[in-house]
Amino acid sequence: MTKKVLILGATGEIGGRIARLAVDAGHQVSGVSRGLNSRSQVDLTGVKMLVGDKGDEAFVSEVLAKRDIDVLIDSVPSINNVELYSKYLKQVENFFFCSSTGTFVPLQYFPADENHPWRDETTVNFYTQCIRDKRILELWEQEKFPATIFRPTNIIGQGRVPLELWGARDIEFFRKLKNHQPITIAPCEHIMIQSGYNWDLASAFVKAIDYPEAVRGEIFIISCKHAITLGQYLQTAIEFFGSKSVIAHCPAEKLKAIYPEVTMKFRMDFLLEPMCLDISKAKKNFGYAPTRTTQEGLIEALQWCTDAGLL
Ligand SMILES: NC(=O)c1ccc[n+]([C@@H]2O[C@H](COP(=O)([O-])OP(=O)(O)OC[C@H]3O[C@@H](n4cnc5c(N)ncnc54)[C@H](OP(=O)(O)O)[C@@H]3O)[C@@H](O)[C@H]2O)c1
């Protein structure tokens with residue numbers, strides 16, 4: 001059935017792809033952004049774009065509250081956004097929020113599923129997102145705020161520099177591989193990683209539109225089917241470039257001293273957390289069906305970096 005879908009963050013990597021797929025699925029789609037994002041964007045033909053700040057109470061209460069919206073999807077929600085939606089947007093049947101599997105770390109069992117603990121702060125988890133998600137579920141339990149939380153793993157695919165083995169998205173890592181230069185990394189090749197291909201992740205939101213009752217009050221992990229090791233991930237990149245780079249190792253905390261010129265945000269602590277997640281709940285509840293492996297997503301991302309002249 002055709003729905004009126006509003007996507008907050010519709011020019012983003014995931015938000016844009018949700019918008020594209022929702023139009024292609026026959027929905028009536030509007031999008032919101034502030035018009036600031038200059039990164040690679042998908043074709044938004046068919047999406048009625050509005051310029052606005054979703055953190056602005058007047059925009060939510062005076063502009064969005066007057067719109068006919070069946071499903072609101074926020075790809076980058078803050079707790080403040082959630083409070084505004086629950087206060088002013090009573091007409092919406094379903095709210096879909098993009099969260100992260102970074103809420104679950106460190107994983108206590110593999111593959112981790114939606115029952116895995118996530119509510120407490122740890123040294124590595126994305127605790128701000130945990131606080132927001134707790135509030136979303138509280139609103140669902142207390143007021144039947146019709147929300148669904150989607151938790152993607154690390155995102156990969158065309159449009160953004162992929163994660164590297166310095167724990168960031170630093171193109172310099174891949175330039176070194178391409179140019180056969182030596183690279184030093186922490187000893188991490190045995191660590192598990194599970195990336196989600198950006199189009200597959202976006203498809204989860206669009207598929208769930210068809211199951212409005214079944215998804216309310218639920219959390220769904222979305223990713224590719226299986227985890228691989230960082231060693232396999234690195235090998236995929238090496239083979240993509242035909243690289244002859246020599247890979248050396250040092251303790252993680254020494255990497256910054258070796259590469260002071262590299263602009264890494266250095267979430268090495270997060271990279272060293274094994275990621276292995278179970279996507280069967282999303283498969284069962286709304287037919288989520290990822291099409292790419294982590295390696296295939298990485299190859300597409302590296303091909304995009306090449307085509308975009310970043311390498
Ligand atoms: N990166 C990862 O590996 C990873 C892993 C797991 C989960 N996640 C989650 O996945 C989501 C990423 O979404 P994405 O890739 O689509 O993000 P993105 O590419 O950074 O795009 C963000 C979008 O939101 C818009 N936006 C930001 N602030 C806004 C505001 N105040 N009002 C209106 N629009 C606003 C931006 O446009 P303007 O700036 O022009 O407004 C843009 O359209 C995030 O929730 C992240 O936590 C990411």
Side-chain angles (χ1 to χ4, degrees), residues 6-22 29-42 44 47 49-60 63-64 72-85 95-105 112 118 124-133 136 148-164 167-170 193-206 219-224 233 265 267 270-271 273 275 277 279 294 297-298 301 304:
L6 179 78
I7 299 160
L8 287 307
T11 58
E13 180 175 12
I14 297 302
R17 285 172 171 80
I18 296 172
R20 177 74 267 134
L21 294 178
V29 182
S30 310
V32 173
S33 82
R34 295 164 301 178
L36 304 177
N37 180 28
S38 56
R39 288 195 297 126
S40 163
Q41 294 172 18
V42 300
L44 292 177
V47 181
M49 285 301 298
L50 305 171
V51 175
D53 186 336
K54 64 197 175 83
D56 175 0
E57 186 159 359
F59 177 70
V60 176
V63 179
L64 299 188
L72 180 148
I73 303 175
D74 192 336
S75 58
V76 282
S78 69
I79 192 164
N80 180 45
N81 300 147
V82 173
E83 299 290 1
L84 291 180
Y85 303 153
F95 292 90
F96 291 175
F97 295 113
C98 187
S99 174
S100 170
T101 49
T103 50
F104 291 117
V105 288
W118 56 270
V124 276
N125 72 353
F126 297 174
Y127 189 55
T128 309
Q129 301 211 27
C130 299
I131 295 170
R132 178 203 57 210
D133 291 359
I136 292 170
T148 307
I149 297 169
F150 295 78
R151 290 188 170 163
T153 56
N154 159 255
I155 300 172
I156 206 159
Q158 301 149 11
R160 198 187 291 197
V161 176
L163 181 73
E164 27 66 5
R169 291 173 180 270
D170 197 318
I193 179 170
Q194 188 169 346
S195 300
Y197 178 60
N198 48 22
W199 284 104
D200 285 340
L201 298 174
S203 77
F205 293 79
V206 179
I219 295 175
F220 294 102
I221 291 169
I222 49 175
S223 184
C224 67
Y233 186 92
K265 293 198 179 66
R267 280 303 314 256
F270 194 78
L271 185 80
E273 287 299 330
M275 295 301 271
L277 285 308
I279 60 164
T294 297
L298 176 59
W304 176 82

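Order of listing sets the numbers, starting from 1, for every ligand and every atom in it. Values below: every heavy atom of this structure, side chains too, minus hydrogens, waters and symmetry copies. Computed from a prediction, not measured in an experiment: that's the story for all the values here.
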Worksheet item: Please walk me through it: do Asn154 and Ser195 pass side chain to side chain donor-acceptor pair (under 3.5 Å)?
Response: CA-CA 5 Å; Asn154 159 255; Ser195 300; 2.6 Å; yes

The side-chain contact (heavy atoms from CB on, under 4.5 Å) partners of Glu273 (sequence neighbours excluded) come to Val105, Pro106, Val124

Those residues at least two apart in sequence (or on a different chain) that pass side-chain contact (heavy atoms from CB on, under 4.5 Å) with Pro152 are Cys98, Leu201, Ile222

Sorted by chain and number, sequence neighbours left out, ring pair (Phe, Tyr, Trp, His ring centres under 6.0 Å) with Phe95 holds for Phe145

Pairs under 3.5 angstrom, nitrogen or oxygen on both sides, ligand 1 versus protein: list them out, please.
residue, atom, partner, partner atom, Å
ligand 1, 1 (N), Arg160, NH1, 3.4
ligand 1, 3 (O), Ile155, N, 2.9
ligand 1, 3 (O), Arg169, NH2, 2.9
ligand 1, 15 (O), Ile14, N, 3.3
ligand 1, 15 (O), Arg160, NH2, 3.3
ligand 1, 16 (O), Glu13, N, 3.1
ligand 1, 16 (O), Ile14, N, 2.8
ligand 1, 16 (O), Gly15, N, 3.0
ligand 1, 19 (O), Glu13, N, 2.8
ligand 1, 19 (O), Arg39, NH2, 2.6
ligand 1, 20 (O), Arg39, NH2, 3.3
ligand 1, 28 (N), Arg34, NH2, 3.2
ligand 1, 31 (N), Asp53, OD1, 2.8
ligand 1, 32 (N), Lys54, N, 3.0
ligand 1, 37 (O), Thr11, OG1, 3.4
ligand 1, 39 (O), Arg34, NH2, 2.9
ligand 1, 40 (O), Gly35, N, 3.2
ligand 1, 40 (O), Leu36, N, 2.6
ligand 1, 40 (O), Asn37, N, 2.7
ligand 1, 41 (O), Arg34, N, 2.7
ligand 1, 41 (O), Arg34, NE, 2.8
ligand 1, 43 (O), Gly9, O, 3.4
ligand 1, 43 (O), Thr11, N, 3.2
ligand 1, 43 (O), Thr11, OG1, 2.5
ligand 1, 43 (O), Gly12, N, 3.1
ligand 1, 45 (O), Ser75, O, 2.6
ligand 1, 47 (O), Gln129, NE2, 3.4

- Task: Answer yes or no for Arg151 and Phe104: cation-pi contact, defined as NZ/CZ to six-membered ring centre under 6.0 Å and angle to ring axis within 45°.
- Result: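 Arg151 over Phe104 ring: yes.
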
(Q) Between Ser75 (side chain only) and Leu8 (backbone N and O only), is there a donor and an acceptor less than 3.5 Å apart? (A)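 Between the backbone of Leu8 and the side chain of Ser75 there is a qualifying donor-acceptor contact (under 3.5 Å).
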
